[in-house]
**Q** 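Have a look at this one.
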Amino acid sequence: MISAADPARFPVSTLPEVAFLGRSNVGKSSLINSLVSNKIAKTSNTPGRTQTINFFEIRWPGRPRPELLFADLPGYGFARVPKDVKQLWSGFIDPYLLERPQLELCLCLVDANIPPQAVDAQLVEFLRKANRNFLVVATKADRVGNKLHASLAALKKELEVELVIPYSSKTGLGHDELWKVIRTISDRHVQPGESAS
């Protein structure tokens, strides 16, 4: 739909928005692509490539109008992104997360394959203070094997949350569960003259 690095360029819309947040290389673009079964978000082997907020309109099959917006935010915690770029990011990422009235849900993506990271805990705390609805999603769950339960337990403890959805863009684990949560957002926002069924 649009890529924005300035709040003035955020799309004018009344649709509910779902934001995808996480460290660089956590698999945000892959998760978005697997959710919609289409390569709408660019993936890269080089972390830190996303340097704008990329907005995508989401339509259900057979319906003419979009019902949701997905917002893919730049990854955080990547050392090779210059400091001046990180400062530039805060000029549009902070206003988006703090002030965007359409933002209904923040998906905090964390890597199930590594121990909980301090920057992930900082993001969760930021969203709590901003009074934002958020859900923690553990990506790359297919790589963890029989240690997945322990990984999820560690994430719940470190991030102080009751629910972490394991997700794999390769196997489809968590796909339906995550869509159930996302659908509740769009179902609450029914277009005039339409039903949420």
Side-chain angles (χ1 to χ4, degrees), residues 1-5 7-22 26-44 49-50 52-75 92-93 95-112 123-124 127 130-142 152 161-197:
M1 183 182 182
I2 194 170
S3 297
R9 286 186 53 79
F10 292 166
V12 177
S13 169
T14 59
L15 295 174
E17 294 177 11
V18 178
F20 293 77
L21 305 112
V26 76
K28 288 193 306 300
S29 298
S30 295
L31 184 145
I32 291 171
N33 291 339
S34 74
L35 277 176
V36 301
S37 301
N38 196 358
K39 292 186 176 181
I40 61 172
K42 292 180 181 178
T43 57
S44 171
R49 283 289 174 89
T50 302
T52 56
I53 300 178
N54 298 320
F55 293 89
F56 302 94
E57 290 182 333
I58 305 300
R59 293 175 169 83
W60 306 144
R63 295 197 180 181
R65 289 183 294 214
E67 301 194 25
L68 275 176
L69 292 187
F70 280 1
D72 183 14
L73 276 71
F92 64 93
I93 294 174
Y96 178 78
L97 293 175
L98 293 171
E99 301 166 12
R100 183 76 168 165
Q102 299 91 327
L103 179 55
E104 295 275 354
L105 176 66
C106 295
L107 296 179
C108 303
L109 277 54
V110 298
D111 192 332
L123 171 64
V124 167
L127 294 172
N131 201 28
R132 287 296 189 187
N133 292 324
F134 68 89
L135 174 66
V136 177
V137 180
T139 63
K140 306 180 184 180
D142 56 286
L152 297 177
V161 295
E162 294 182 6
L163 175 66
V164 176
I165 294 181
Y167 196 96
S168 169
S169 298
K170 290 186 177 179
T171 68
L173 174 69
H175 179 277
D176 292 347
E177 188 178 359
L178 186 53
W179 260 123
K180 276 184 184 176
V181 177
I182 295 172
R183 282 301 297 252
T184 64
I185 302 300
S186 67
D187 288 347
R188 288 203 308 262
H189 184 90
V190 180
Q191 297 279 2
E194 294 183 358
S195 70
S197 60

**Q** Do Leu97 and Leu73 come close enough that some side-chain heavy atom pair is under 4.5 Å?
**A**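 Leu97 reaches Leu73 side chain to side chain.
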**Q** Rounded to the nearest 0.5 Å, how far does CZ of Phe10 lie from CD1 of Ile53?
**A**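 The CD1 atom of Ile53 sits 4.0 Å away from the CZ atom of Phe10.
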**Q** Minimum heavy-atom separation for Leu173 and Ala141, please, with both atom names.
**A**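 For Leu173 and Ala141, the tightest heavy-atom pair comes out as CD2-CB, 3.8 Å.
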**Q** Looking only at atom types and distance, does a side-chain atom of Thr139 sit under 3.5 Å from a main-chain N or O of Val110, one as donor and one as acceptor?
**A** yes
**Q** What is the distance from atom CG of Leu15 to atom CD of Glu67, rounded to the nearest 0.5 Å?
**A**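 The CG atom of Leu15 sits 8.5 Å away from the CD atom of Glu67.
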**Q** To the nearest 0.5 Å, tell me how far Leu21 CG sits from Cys108 SG.
**A**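 Between atom CG of Leu21 and atom SG of Cys108 there are 6.0 Å.
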**Q** What I'd like to find out is whether the side chain of Ile58 reaches to under 4.5 Å of the side chain of Leu35, using heavy atoms alone.
**A**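 Ile58 vs Leu35: side chains apart.
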**Q** Looking only at heavy atoms, what is the nearest atom pair of Pro11 and Met1, with distance?
**A**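 So the two residues come closest at CB-CE, 3.6 Å.
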**Q** Has Arg59 got more than 12 heavy atoms of other residues, nucleotides or ligands less than 6.0 Å from its CZ?
**A** yes
**Q** Quick one: ring pair (Phe, Tyr, Trp, His ring centres under 6.0 Å) partners of Phe20, sequence neighbours excluded?
**A**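 Applying ring pair (Phe, Tyr, Trp, His ring centres under 6.0 Å) to Phe20 gives Phe70.
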**Q** Report the distance from atom OH of Tyr167 to atom CG of Leu31, rounding to the nearest 0.5 Å.
**A**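 Tyr167 OH to Leu31 CG: 4.5 Å, rounded to 0.5 Å.
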**Q** So do Leu107 and Val18 actually touch side chain to side chain, heavy atoms under 4.5 Å?
**A**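 Yes. Closest side-chain heavy atoms under 4.5 Å.
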**Q** Among all residues two or more places apart in sequence or in another chain, which pass the side chain to side chain contact (heavy atoms under 4.5 Å, CB included) test with Glu99?
**A** Pro95
**Q** Run the salt bridge (charged side-chain N to carboxylate O under 4.0 Å, His left out) test against Arg100 and tell me which residues pass, sequence neighbours left out.
**A**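 Per chain and number, Arg100 pairs via salt bridge (charged side-chain N to carboxylate O under 4.0 Å, His left out) with Glu17.
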**Q** Which value, rounded to the nearest 0.5 Å, describes the distance between Ile165 atom CD1 and Glu177 atom CD?
**A**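 That separation rounds to 4.0 Å.
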**Q** Got a donor-acceptor contact below 3.5 angstrom from the Arg132 side chain to the Leu103 backbone?
**A**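 Checking the backbone N and O of Leu103 against the side chain of Arg132, a donor-acceptor pair under 3.5 Å is found.
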**Q** Rounded to the nearest 0.5 Å, what separates atom OG in Ser168 from atom NE2 in His175?
**A**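 One gets 11.5 Å once the value is rounded to the nearest 0.5 Å.
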**Q** Would you say the side chain of Asn33 lies within less than 4.5 Å of the side chain of Ser169, judging by non-hydrogen atoms?
**A**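 No; the side chains remain at least 4.5 Å from each other.
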**Q** Asn133 versus Cys106: any side-chain heavy-atom pair under 4.5 Å?
**A** no
**Q** Using every non-hydrogen atom in the two residues, find where Lys140 and Gly27 come nearest and quote the distance to one decimal.
**A**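 That closest heavy-atom pairing would be CE-N, 4.5 Å.
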**Q** Look at the aromatic rings of Tyr96 and Phe55 and report parallel, tilted or perpendicular, splitting at 30° and 60°.
**A**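 Geometry flag for Phe55 against Tyr96: perpendicular rings.
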